[in-house]
Peer 1: 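First, the structure itself, so that you have it in front of you.
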Amino acid sequence: MTPHPEPPPSHVRAAFGQRDAEPELIDGGPAWRCGDAAIKPAGKPAEATWVAKTLDSLQVPDLRIGRPLRSTDGRYVVGGWTATKYLAGRAEPRHDEVVAVAIRLHEATAGLPRPRFLQTRTDVFAVADRCAWEEESVPLHPDLGGRTFELLTAQRKPVTLPSQVVHGDLFGNVLFSGAASPAIIDFIAHWRPPEWAAAVIAVDAFAWGGADHGILERWGHLPEWPQMLLRAALFRLAVHALHPASSQESMVGLERAALYVSALQ
């Protein structure tokens with residue numbers, strides 16, 4: 001059984017100006033709404049601080065951004081927690097709109113320097129990313145994505161698109177609220193072509209979001225789209241094969257997406 005997330009302690013809430021706010025878990029966590037703030041575990045402080053500084057100054061047309069909140073003494077991270085302005089909305093199956101958000105967002109992040117912490121990340125997602133791009137090789141569970149990963153690697157071709165800072169996990173992290181502009185509530189940094197980040201959304205939407213196969217084809221005008229889809233599928237297969245919470249049930253949609261991507265090469 002998954003343990004229930006613990007809310008931010010009172011001294012953390014006080015540090016972010018929400019001393020008297022009652023914590024309310026947002027969509028199963030890990031973030032908690034505390035008044036007009038969303039407070040969540042910071043993970044690695046260097047990465048959390050980079051995200052906060054980046055989102056604090058990022059300007060993207062027609063996009064709401066969860067701006068970071070500083071503590072009363074000016075810090076972005078307090079006791080292992082970080083806070084942003086709470087944004088109303090919820091994730092919805094508006095998959096093409098999420099891809100459009102990715103394109104606008106990555107036009108704004110194109111000039112950002114490569115974060116130093118990316119070179120030392122060893123989490124499942126970082127390892128899977130490097131495996132997809134032939135920068136690392138690790139054993140992958142054959143029944144949870146490794147076998148399909150090996151089959152798809154034969155279709156990899158060299159790509160020429162330049163890399164930049166991108167959000168590598170926008171599926172589920174874009175919120176919609178009526179007529180308001182879409183909102184992003186987090187930033188999972190990767191150093192890849194922006195077309196790859198768009199392809200990850202398309203693969204996720206087809207695998208797990210109920211999207212039809214058109215989501216894999218409608219964005220074919222983007223440069224080197226078939227290979228971006230392939231790298232996105234390889235990334236998700238590697239994550240699935242490495243992640244301790246993966247199951248045969250979650251593999252079904254991913255397998256279907258991977259086979260369709262393979263047919264588009």
Side-chain angles (χ1 to χ4, degrees), residues 5-18 23 26 29-34 37-60 63-87 102 105-133 135-136 138 162-174 183-194 196-197 200 235-236 238-239 242-245:
E6 291 292 327
S10 58
H11 76 276
V12 170
R13 301 198 303 272
F16 287 116
Q18 308 296 329
I26 302 173
W32 295 79
R33 181 177 183 181
C34 301
I39 304 177
K40 68 173 187 175
K44 295 183 177 180
E47 185 167 350
T49 300
W50 179 91
V51 170
K53 289 181 177 179
T54 298
L55 295 184
D56 203 12
S57 59
L58 198 63
Q59 300 295 329
V60 187
L63 185 64
R64 292 179 293 145
I65 296 174
R67 301 294 181 189
L69 300 177
R70 288 180 181 265
S71 67
T72 51
D73 61 359
R75 289 177 291 166
Y76 287 118
V77 179
V78 176
W81 295 83
T82 186
T84 61
K85 180 75 174 176
Y86 175 77
L87 296 179
L105 174 63
H106 296 141
E107 288 174 351
T109 63
L112 294 177
R114 184 174 185 171
R116 286 184 292 177
F117 64 79
L118 290 182
Q119 300 172 15
T120 58
R121 280 181 60 190
T122 58
D123 59 272
V124 164
F125 300 93
V127 172
D129 179 26
R130 292 193 290 267
C131 288
W133 289 84
E135 297 170 358
E136 187 171 343
V138 299
S163 292
Q164 65 167 74
V165 170
V166 297
H167 190 317
D169 193 24
L170 279 165
F171 180 76
N173 281 320
V174 176
I184 61 166
I185 54 173
D186 211 340
F187 201 109
I188 313 299
H190 289 256
W191 186 257
R192 297 297 176 200
W196 170 83
V200 172
F235 168 60
R236 282 303 187 208
V239 168
L242 292 168
H243 203 287

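Sequential numbering from 1 along the given sequence is applied to the chain's residues.
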Peer 1: Please work out which of the three classes, parallel, tilted or perpendicular, describes the rings of Phe125 and Phe235, given edges at 30° and 60°.
Peer 2: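 Plane angle between 30° and 60°, so tilted.
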
Peer 1: Short question: side chain of Thr49, backbone of Ala46 - any donor-acceptor pair under 3.5 Å?
Peer 2: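 Not at all, since once roles are kept as given, no pair shorter than 3.5 Å links the two residues.
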
Peer 1: What verdict does the salt bridge (charged side-chain N to carboxylate O under 4.0 Å, His left out) test give for Glu136 and Arg121, after you've listed the backbone C-alpha separation in whole Å, the side-chain angles of each residue and the deciding distance to 0.1 Å?
Peer 2: CA-CA 13 Å; Glu136 187 171 343; Arg121 280 181 60 190; over 6 Å; no

Peer 1: Could you pull out the closest heavy-atom pair between Val12 and Pro8, with the gap in Å?
Peer 2: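 Scanning both residues, the minimum pair turns out to be CG1-CB, 4.2 Å.
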
Peer 1: How far apart are the closest heavy atoms of Ala48 and Ala42, and which atoms are they?
Peer 2: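 Looking at all heavy atoms of both residues, the shortest contact is CB-O, 3.4 Å.
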
Peer 1: How would you list all residue pairs meeting side chain to side chain donor-acceptor pair (under 3.5 Å) that involve residues 105-119, not counting sequence neighbours?
Peer 2: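 Sorted result for residues 105-119: Thr109-Gln164.
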
Peer 1: Distance check, rounded to the nearest 0.5 Å: Arg70 atom CZ versus Thr82 atom OG1?
Peer 2: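 Between atom CZ of Arg70 and atom OG1 of Thr82 there are 10.5 Å.
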
Peer 1: Ignoring hydrogens and angles, tell me if any N or O in the side chain of Arg236 forms a donor-acceptor pair with the backbone of Val200 under 3.5 Å.
Peer 2: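 Side chain of Arg236 to backbone of Val200, a donor-acceptor pair under 3.5 Å: no, none is there.
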
Peer 1: Of the options Asp56, Val77, Val51, which is the one that meets Pro68 in a side chain to side chain contact (heavy atoms under 4.5 Å, CB included)?
Peer 2: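 Per the side chain to side chain contact (heavy atoms under 4.5 Å, CB included) rule, the option paired with Pro68 is Asp56, out of Asp56, Val77, Val51.
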
Peer 1: What are the two closest heavy atoms between Ile39 and Ala83, and how far apart are they?
Peer 2: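 It is CG1-CB, 3.9 Å.
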
Peer 1: Side chains of Leu118 and Trp50, heavy atoms from C-beta outward: is any pair under 4.5 Å?
Peer 2: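 SC-SC contact between Leu118 and Trp50 ruled out.
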
Peer 1: State, to 0.1 Å, how close Gln18 and Cys34 come at their nearest heavy-atom pair, and which atoms those are.
Peer 2: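 Reported closest heavy-atom pair: OE1-O, 3.1 Å.
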
Peer 1: Locate the shortest heavy-atom distance separating Val165 from Pro113; write the atom from each residue and the value.
Peer 2: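 That would be CG2-O, 3.6 Å.
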
Peer 1: What is the minimum heavy-atom distance between Ile26 and Ala38, and which atoms define it?
Peer 2: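 It is CD1-CB, 4.2 Å.
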
Peer 1: State, with a plain yes or no, whether a side-chain heavy atom of Trp32 is found less than 4.5 Å away from one of Pro5.
Peer 2: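 The answer is yes, as the side chains (C-beta and beyond) meet within the 4.5 Å cut-off.
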
Peer 1: Measure up the His167 and Phe187 rings against each other and bin them: parallel (under 30°), tilted (30 to 60°), perpendicular (over 60°).
Peer 2: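 His167 and Phe187: tilted rings.
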
Peer 1: Mind checking the CD1-CG spacing from Ile184 to Leu55? Nearest 0.5 Å is all I need.
Peer 2: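 One gets 5.5 Å once the value is rounded to the nearest 0.5 Å.
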
Peer 1: Answer yes if the ring centres of Phe16 and Trp81 are under 6.0 angstrom apart, and no otherwise.
Peer 2: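 That pair fails the under 6.0 Å test.
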
